[in-house]
Amino acid sequence: MVKIGIIGGSGVYGVFEPKETVKVHTPYGRPSAPVEIGEIEGVEVAFIPRHGKNHEFPPHEVPYRANIWALHELGVERVIGVTAVGSLREEYKPGDIVITDQFIDFTKKRDYTFYNGPRVAHVSMADPFCPEMRKIFYETAKELGFPVHEKGTYVCIEGPRFSTRAESFMFRQYAHIIGMTLVPEINLARELGMCYANIATVTDYDVWADKPVDAQEVLKVMAENNYKVQELLKKAIPRIPEERKCGCADVLKSMFV
Ligand code: ADE
């Protein structure tokens, strides 16, 4: 069974050759694309391009529940979310990698849970990211000589628009990076007892820095960041232990009413 799942952009294709494509139907519809199974340095991984094969799903329309459900159905226990983010602080520079350790949810209308009743559950989110995977990604990125931040708070906005200057000033008081896709991907993974880690790559300074976000520029830095993500995945994935000692699955013991 494939134990590691990656949800990310098309940049991830550079690291693995899909050997098999699986069409998964879920109670929540179809995932963003058929799940691709392949190997990274001999380790089997499943991959879903979050925005679809042709980038047809904007952040607020990504079928997050179907994506997580499909990975779970295939046996995935650890999810790696790769995301592009803006920076809310001077020291988080375009081109940097952030191993996110907290988030603030400013999304507005997404499908946040698998438990809409009659079964009710409240999942613990105090420390939502897998400590085992975070440590491996941070140490490996350092070893590779990449600019990496061990921690960072990610504020997730609804999108698809970028923030106003006033919003950006508000967010930067509480968070380090800003993006549109972490929530509810992480919530849903945790509801199924899966580990979740986020590799965020900084593509731009958000508007607080007095430089309007330019979508073309974001795409250019993103392409450069893809190389770093690929190298990081290649070196870090073989280091992820098969047996989980992180306690992420323990949330299942305490979440049901
Ligand atoms: N993704 C990349 N840059 C971003 C920004 N500045 N705001 C929100 N999402 C982003």
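As the structure lists them, so they are numbered: ligands from 1, and atoms in each ligand from 1. Reckoned from all heavy atoms, side chains included, excluding hydrogens, waters and symmetry mates.
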**Asked** Between atom CZ of F47 and atom CD1 of I7, what is the distance when rounded to the nearest 0.5 Å?
**Response**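 CD1 of I7 is found 9.5 Å from CZ of F47.
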**Request:** Please find out if less than 6.0 Å separates the ring center of F171 from that of W208.
**Result:**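 Between W208 and F171, which both carry aromatic rings, the centre distance is not below 6.0 Å.
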**Asked** Just heavy atoms, cut-off under 4.0 Å: does V207 contact ligand 1 by side chain, backbone, both, or neither?
**Response**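 Near ligand 1, V207 shows nothing, with every heavy atom at 4.0 Å or more.
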**Asked** Using heavy atoms and a threshold below 4.0 Å, how should the contact between D204 and ligand 1 be classified: side chain, backbone, both, or neither?
**Response**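 The answer is the side chain of D204.
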**Item:** Option among E61, H60, E158, E185 that satisfies the side chain to side chain donor-acceptor pair (under 3.5 Å) test with R110
**Value:**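 Checked E61, H60, E158, E185 against R110; only one passes side chain to side chain donor-acceptor pair (under 3.5 Å): E158.
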**Message:** I'd like to check whether M180 has a polar contact with ligand 1, where a contact means an N/O of the residue lying under 3.5 Å from an N/O of the ligand.
**Reply:**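 Looking only at distances, the answer is no, because the N/O contact criterion of under 3.5 Å is not met.
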**Atoms in ligand 1 flagged as close to T203, the criterion being non-hydrogen separation under 4.0 Å** =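 Numbered from 1, ligand 1 contributes 2 (C), 3 (N).
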**Request:** Could you check which of F162, F171, W208 puts a non-hydrogen atom nearest to atom 7 (N) of ligand 1?
**Result:**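 Going through F162, F171, W208 one by one, F162 has the nearest heavy atom to atom 7 (N) of ligand 1.
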**Item:** Cationic tip of R119 above F256 ring, under 6.0 Å, 45° of axis
**Value:**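 Relative to the ring axis of F256, which defines the angle, R119 lies inside both limits.
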**Asked** Does a salt bridge link E41 with R239, judged by any charged N lying under 4.0 Å from a carboxylate O?
**Response**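 Result for this pair is no, no salt bridge flagged.
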